[in-house]
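One structure is given here, and the rest of the page talks about it.
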Amino acid sequence: MKSKGFNVSRRAFLEGSVAGSAALGLGGMIFAPETLKAEVGAGPRIKTCLAQCPYCGVGCGSVIKYEADSGRILGVVPDKQHPTNKGIQCIKGLNADEPVYIDRLKKVLIRKDMSDPITGHVSKSKGSFKDSDFEEVTYEEAEHIVADKIAAIHKKWNGNAIGLYGSGQLTVETQWIENKMLKGMLASNSIEANARTCMTSAVTAYFATFGSDTPPLCYDDIEEADMISFWGHNPRAAHTIIFWRVADHKLKKGIPTLVVDPRRTGSVQALESINPENSYHFPTINGDISCLNAIGHCLVTEHQDVIDYDFLKANVVGWEDYIKMVTEDYSPEQVQDRTMVEPAQIRKVADEWANASRKGKRRGKGGVVTMWGIGYNQHIHGQHNVISIINLHALTGDLGRPGCGPFSMTGQPNAMGERFTGGLTGRLPFNQGLASAGNLNMKAIEQVAKAWNCPPENLVEVASRKNPGMMVGQFERALMDQETLDRNGLDPMKAMFYCYTTHIHQPDVNNLIRPALEKMFVVVQDIYRHAPNLLYGDVIFPALTWGEWQGGTYISSERRFNVVDGVGKGAPGYEECLPDLDLAIDKGKSIAKAMGMSDEEVKKMWPYKKKQYHPQGPLLYDSEEVFEEIVRGSKGADCDLTGMLEVRDRDGIGLYDQIRRLRGVQWPAPTYAHAKAGGTPRRYMGQEGWDDKPYGNFRKPDGKLHMKSCKQDYTERDAVIAELRKMGTEPNYFASDHRDVLIKARDMALPPEWPDEDFRGRRWDAVPKDKFPLWLGLGIVYEHFHSAKTIRGATTRRLVPEQFVEIHAEDAKELGVNDGDMVRIVTRRGSYEGRVSVGGIHSKVRPARNEVPRGYIFSPWNLSVADSADPKKNKWMVNATSHRAYDPVSGQVDFKKLAARIERV
Ligand SMILES: Nc1nc2c(c(=O)[nH]1)N[C@H]1C(S)=C(S)[C@@H](COP(=O)(O)OP(=O)(O)OC[C@H]3O[C@@H](n4cnc5c(=O)[nH]c(N)nc54)[C@H](O)[C@@H]3O)O[C@H]1N2
Ligand SMILES: Nc1nc2c(c(=O)[nH]1)N[C@H]1C(S)=C(S)[C@@H](COP(=O)(O)OP(=O)(O)OC[C@H]3O[C@@H](n4cnc5c(=O)[nH]c(N)nc54)[C@H](O)[C@@H]3O)O[C@H]1N2
Ligand code: SF4
Ligand SMILES: [Mo]
């Protein structure tokens, strides 16, 4: 068995620091706030401050070092006292300072030839970002242009013609302000975010089953688990510190692990190197629901004792149907065509699951923990995928006690904040919807209107404004003709704000996103001069970034609020850059004025004051004031944080200082006692320890967990996929105009495409041009975080410098391509180029790590614009190939099951 070996020194480090932090009493008050900004060393005065890492959703604690006077950031080291990472970080977090001063955008720019939806003018210079395309203007001038255009669009159509695309990398406070502006002020339901490509299948499944978007576990459940399974998740690359904790636990306690992933990833290899005997790997492609149901079948038929009938009868709805379905239709033999896994392997894993479940019940803690990533959420049936995990946990009662349960691993540092603040179509802050089952949620509307100081009528109006296609629909609406809009009762899309997110992460970029951006009036907040968004921006604001701005919170995957402290100003030369929070508030204020709101109304909705954070720095908005608005507003909601106000009143500790001292507070924290103890680590079955809890064992109105029997059936596969094929290839065929097709594909649990398998085994130039014989998956690589910062950081760029495509050795041979060759990867919608990587660790192409199965090829999306200063010209942009078909409930697209062909270049 090939394996790269697992770095034992890292594990030893982890052990050492766990012991160290235990001695300090984790969860107690660790650091007095005055020591948080200690001066160290002589020479230029160096200061430090604490921040959650800017990259993944693990949320590691970092210490930022900077020059006190200039404010220049010097480096990042791990926070030894943070309970999540305990003094270690991965390569990305450790080098998070490197991309801060590269290729920065330092001026406010406007495009000389702007697109103007009012007159119908479409800019001829969109798609270009030469210096000569732009003009430098003052901040105030740019603000006025934006305010006037938005107010005019609002007047001519209505707020729903104005869209905002937000980010799970903004702070909670900024996300709150954006949603307030879009829904509370403009009455627009067209607010979406990159979380839509990432986590919403988990969100909508948590709602459907538990009644609330709450990951119910905490990281400490890892060390209590008797078995851990990963679905569509490469944690060693994506959530490294969590993976190291799992590996450490496996090493110490010998627990079995399962990874379900078409590829033999670094995660699979590292777990096997600890113990190959109990490290399982199911290389399924799209067959996850069948795998889970088959494990359910084996448990029901071979391990009756672990089916927790008492739990099911008392707490669960829908279990009878589920048991009937898995018993009758999901034996491992019946579904082997979909699982692609040997029945004996499934039975073996079911044995391990049953054993772990028995152990957990015996001890009163432990059992099976299941984690998943976006190889799991990103499906047309993403919500059903996640529900199927929750079904299996409910079947054996492996939830609601420490050390077991379903645990979604969030991608971005604050995608959890996007969910918390409701910055998505139809959502309100605090885990609530504008409507449910067709009825307005008036209680939530009034609560949020009060918190936002906006008329509740605006939110009632939002509920009547449609954006059924969510992210994909938002862009399709910009391209639809009037007849299609009218038939669907939709408003057109005329303007778009992009805040801390890039359009190249979106599906089918060249056929869907870019044509829409050409027509719309586009306002961009970014930090890089050569960010792809500048190609389509009409007005461009330069932002300060992580480490530069001071204060603001992120929420990690375990619901932990962390404060992100920073210098409080940009280094010399960055005077025109402002924090995203300031850009958002000023935008809101100036649009309010342009819409004709009275001074008094503007002041009421936008009351925020500024303060000075750095002796030489400018006045900036105080994010803690916004945080207080959020905390107050949360009273009585599912993510009630008002216990923190009591702690402040009784003990005199400020809201941010509570979080800083405890190294995080996990929502909900509804009482003084909860807030004081750092919030609520675990939820459901009474684990909240919340006396007057306004709900039962689960969050559904009846207090129960709702199972849904999700199926996988390929009998009509080809006909449905032929219909999906029209999306992105036939002009004027819109996914959001064909919801029936999406629902059908979802109910059969199909991928968006199916490769032309009959054409495998031929040389690349013997495959007809209209045939696409291979599966193509697009995900992430360990060394890079998304597409902007780590490719500009010297260390990470050196480690993985160029786009690559993993291909199985036999496939490469048949295709006539070799390790290290440059090839073009083509789908029905577009193409990109990359270097062939064959043979996992034996490849000469970096990073040389994962192995793909026959017929499946894989590239990261992280290097998408790393090949050219002009991203329009770049050849590595993988989302030229992706598909827009989406889950009709969660809105997520599948970036990992495309049909592709290879061509030599
Ligand atoms: N290094 C690094 N870490 C990151 C990020 C990054 O850019 N770089 N981004 C962060 C973000 S926002 C996210 S969302 C996460 C993503 O983290 P992951 O979800 O771990 O990343 P992916 O590589 O997109 O997908 C995971 C795996 O799904 C597998 N897969 C594909 N199709 C299927 C299928 O049908 N079934 C199953 N079971 N598996 C399948 C792929 O082979 C892949 O190995 O990472 C976060 N952390
Ligand atoms: N093919 C494919 N596509 C995918 C995925 C996939 O697996 N495959 N994964 C999807 C997932 S899970 C996610 S989460 C999304 C992520 O998609 P994004 O979050 O949009 O990706 P980033 O590359 O991080 O883009 C961030 C943008 O913000 C800018 N920026 C950096 N710092 C700052 C700052 O401080 N302020 C401001 N205003 N701007 C800043 C950067 O220059 C860049 O333009 O991508 C999705 N796209
Ligand atoms: S990228 Fe994720 S795992 Fe790595 S240091 Fe940052 S938060 Fe931790
Ligand atoms: Mo993500």
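Numbering of ligands and ligand atoms starts at 1, following listing order.
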Exercise for review: Under the ring-ring contact (aromatic ring centres under 6.0 Å, His included) rule, collect the residues that match up with H233, sequence neighbours excluded.
Suggested key: F230, H239
**Study point:** Parallel, tilted or perpendicular: ring planes of F561 versus F420, cut at 30 and 60 degrees
**Key:** perpendicular
Exercise for review: Quick one: list whatever passes side-chain hydrogen bond (donor to acceptor under 3.5 Å, both in side chains) with Q175, sequence neighbours left out.
Suggested key: N414, E418
Practice item. Report all protein residues having a heavy-atom distance below 4.0 Å to some atom of ligand 2; order the list by chain, then number. Key: Q169, N194, T197, C198, I374, Q378, Q412, Y500, T501, T502, H505, Q525, D526, I527, Y528, A543, L544, T545, D580, L778, G779, H786, S787, A788, K789, W861, V878, N879, F895, K896
Check your understanding: Any idea how Y498 and H503 line up, ring-wise: parallel (<30°), tilted (30 to 60°), or perpendicular (>60°)?
Key -> perpendicular
Check your understanding: So, D288 versus H381: side-chain donor-acceptor pair below 3.5 Å or not?
Key -> no
**Study point:** Any donor-acceptor N or O pair under 3.5 Å, side chains Y139, D586
**Key:** yes
Point to revise | Sub-2.8 Å protein N, O or S atoms surrounding atom 2 (Fe) of ligand 3 | key: C56 SG
Check your understanding: Can you say whether the rings of H379 and Y376 are parallel (under 30°), tilted (30 to 60°) or perpendicular (over 60°)?
Key -> perpendicular
Point to revise | Centroid-centroid distance, F129 to F134, less than 6.0 Å | key: no
**Study point:** Side-chain heavy atoms of E753 within contact of H883, under 4.5 Å
**Key:** yes
